[in-house]
Chemist: 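One structure coming up, written as structure tokens, with questions to follow.
All values below come from the heavy atoms of this structure, side chains included, with hydrogens, waters and symmetry mates left out. Here is how names work: the chains are called A, B, and so on, in the same order as the sequence lines, proteins then strands, and each is numbered from 1.
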2 protein chains.
Amino acid sequence: MKITYKGDYALKTILDLAAHFGNGPVVINDLSRRLDIPTKFLEQILLDLKRAHFVESKRGKIGGYSLARHPGQITLGEVTRFIDGPIEPIACVDKRYSGCHDAGACVFRSIWGQVSSSTAKIIDNITFEDLLKRSKRTNKSFNYQI
Amino acid sequence: MKITYKGDYALKTILDLAAHFGNGPVVINDLSRRLDIPTKFLEQILLDLKRAHFVESKRGKIGGYSLARHPGQITLGEVTRFIDGPIEPIACVDKRYSGCHDAGACVFRSIWGQVSSSTAKIIDNITFEDLLKRSKRTNKSFNYQI
DNA sequence: GTATACTCTACTATTATAATAGAGATTATC
DNA sequence: GATAATCTCTATTATAATAGTAGAGTATAC
Ligand code: FES
Ligand code: FES
């Protein structure tokens with residue numbers, strides 16, 4: 001698995017929106033400034049997240065973005081996979097993939113499968129609600145409600 | 001972590017050399033044919049592996065490549081890291097990395113650290129001797145000695 | 001109707017990946 | 001010592017992914 005800037009930004013954005021969950025929409029500019037993400041890049045990311053129904057938006061004055069689901073209903077794994085693609089370190093872990101030379105006899109395949117599983121076990125069991133709690137605990141100055 | 005073609009080829013090559021360990025050098029062409037790896041690409045990979053002292057070579061007739069260490073002394077993790085770089089899904093897991101905005105307070109960092117650790121636990125505890133045993137078990141037609 | 005804020009498409013620069021090409025150096029054997 | 005086999009080294013190339021940037025367009029509150 002590889003977390004790109006886009007993925008990193010997406011996760012931080014969702015966490016920020018989770019922190020403001022229930023308090024009306026947050027505008028891109030605020031997210032961009034707070035999280036130190038290039039505005040135009042963040043626009044694209046939010047559109048992607050919107051298409052996947054992680055977030056919803058409202059246009060015009062008093063517009064902005066908000067989470068489409070409760071933070072407890074969104075996992076780290078879901079968002080990561082959506083933005084950065086499959087977590088498998090190599091495509092042949094997927095049984096349907098037929099690229100490898102002699103996949104049936106390959107000893108590496110099952111190992112990459114184990115790696116994937118252990119990663120999945122971690123990221124699929126952490127919700128943004130969990131993350132929010134952790135960040136409140138760690139960082140007392142955390143701005144979870146303006 | 002991401003296994004590239006180069007990394008995949010390197011691992012398969014080392015496994016093949018492990019299978020021939022103690023039986024004199026193997027020529028690039030044989031490796032290339034057996035493992036279905038483009039010859040010129042494999043040349044480069046072997047040079048890299050040589051510089052890292054995973055393999056050693058002999059030129060001229062009766063030349064070729066052989067493992068520089070016993071298969072039990074080479075782990076999957078070592079080779080993977082050497083060819084495909086750090087296994088961390090994101091660079092900031094490394095404490096010395098200072099790229100992230102507010103790394104101290106970041107809740108994601110420790111999660112990526114967990115992911116790295118669980119991956120490391122797997123790949124750093126598998127040697128090519130282990131892999132060789134597995135492949136002999138799985139694949140009865142495995143050509144471990146010509 | 002105007003300012004605010006999201007929406008959409010296209011473009012660009014940089015880097016990584018997966019090779020390919022070809023000349024050069026070493027060694028065993030006859 | 002010529003020759004064939006084999007590794008060595010540097011350069012080049014094609015494609016794709018990444019990380020943005022640019023700008024015109026659309027909806028909404030007031
Ligand atoms: S089947 Fe793909 S690495 Fe072995
Ligand atoms: S410190 Fe890098 S993702 Fe948080």
Chemist: Using heavy atoms and a sub-4.0 Å distance, could you list which residues of residues 59-68 of chain A are near DNA chain C? By number, please.
Modeler: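 Those residues are Arg59(A), Gly60(A), Lys61(A), Gly64(A), Tyr65(A).
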Chemist: Looking just at side-chain N and O atoms, do Asn29(B) and Ser32(B) make a donor-acceptor pair shorter than 3.5 Å?
Modeler: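 No, no side-chain donor-acceptor pair sits under 3.5 Å.
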Chemist: Nearest heavy-atom pair of Arg109(A) and Asp94(A): which atoms, and what distance?
Modeler: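 Heavy atoms only, the tightest pair is NH2-O, 3.6 Å.
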Chemist: Report all interatomic pairs (protein N or O, nucleotide N or O of nucleotides 19-23 of chain D) with separations under 3.5 Å.
Modeler:
| residue | atom | partner | partner atom | Å |
| --- | --- | --- | --- | --- |
| dA19(D) | OP1 | Tyr5(A) | N | 3.4 |
| dA19(D) | OP2 | Tyr5(A) | N | 3.1 |
| dG20(D) | OP2 | Tyr9(A) | OH | 3.1 |
| dT21(D) | O4 | Gln44(A) | NE2 | 2.4 |
| dG23(D) | N7 | Lys40(A) | NZ | 3.3 |
| dG23(D) | O6 | Lys40(A) | NZ | 2.4 |

Chemist: Does a donor on one side chain and an acceptor on the other come within less than 3.5 Å for Asp16(A) and Thr13(A)?
Modeler: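 Side chains of Asp16(A) and Thr13(A): no pair found under 3.5 Å.
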Chemist: What are the 5'-most and 3'-most nucleotides of DNA chain C lying under 4.0 Å from any heavy atom of chain B?
Modeler: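 That gives a stretch of dT17(C) to dT29(C).
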Chemist: Any side-chain donor-acceptor pair under 3.5 Å between Asp84(B) and Thr4(B)?
Modeler: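 Yes, because at least one side-chain N or O of Asp84(B) sits under 3.5 Å from a partner of the opposite role on Thr4(B).
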Chemist: Looking only at side-chain N and O atoms, does Ser57(B) come under 4.0 Å of OP1 or OP2 in dT6(D)?
Modeler: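 For dT6(D), OP1/OP2 do not have a side-chain N/O of Ser57(B) under 4.0 Å.
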Chemist: Would a distance-only check, ignoring hydrogens and angles, find a side-chain to backbone donor-acceptor pair under 3.5 Å from Ser110(A) to Gly113(A)?
Modeler: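 Checked: no pair found.
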Chemist: Run the salt bridge (Lys or Arg N to Asp or Glu O under 4.0 Å) test on Arg134(B) and Glu129(B) for me, step by step, so that the C-alpha distance in whole Å, both residues' side-chain angles and the decisive distance to 0.1 Å come before the verdict.
Modeler: CA-CA 9 Å; Arg134(B) 291 198 205 186; Glu129(B) 191 176 31; over 6 Å; no
Chemist: Might you point out which heavy atoms bring Asp30(A) and Val26(A) nearest each other, and give the distance in Å?
Modeler: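 Between these two residues, the closest heavy atoms are CB-CG1, 4.2 Å.
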Chemist: Applying salt bridge (Lys or Arg N to Asp or Glu O under 4.0 Å), which residue pairs with at least one partner in residues 43-53 of chain A are found, sequence neighbours left out?
Modeler: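 Residue pairs with at least one partner in residues 43-53 of chain A: Lys6(A)-Asp48(A), Lys40(A)-Glu43(A), Asp48(A)-Arg51(A).
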Chemist: How close do Pro71(A) and Thr127(A) get, heavy atom to heavy atom, and via which atoms?
Modeler: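 The answer is O-CB, 3.6 Å.
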Chemist: Mind listing the residues from residues 48-56 of chain A sitting with a heavy atom below 4.0 Å of DNA chain D? Number order is fine.
Modeler: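 Correct list: empty, so none.
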Chemist: Can you name the residues that form a side chain to side chain contact (heavy atoms under 4.5 Å, CB included) with Ser66(A), not counting sequence neighbours?
Modeler: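 Once residues adjacent in sequence are excluded, the partners of Ser66(A) under the side chain to side chain contact (heavy atoms under 4.5 Å, CB included) criterion are Glu56(A).
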Chemist: Give me the atom names and distance for the closest heavy-atom approach of Ala10(A) to Ile83(A).
Modeler: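 In terms of heavy atoms, the two residues are closest at CB-CG1, 3.8 Å.
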Chemist: For Arg69(A) and Phe21(A), work out which heavy atoms get closest and say how close.
Modeler: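 Result for this residue pair: O-CE1, 3.4 Å.
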Chemist: Could you see if Phe41(B) belongs to whatever hydrophobic cluster contains Val27(B)? Use Ile, Leu, Val, Met, Phe, Trp, Tyr and a side-chain cutoff under 4.5 Å.
Modeler: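 Different hydrophobic clusters.
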Chemist: Which part of the nucleic acid, if any, lies within reach of Ile28(A) when heavy atoms closer than 4.0 Å are counted: base, sugar-phosphate only, or nothing?
Modeler: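 Contact class for Ile28(A): sugar-phosphate only.
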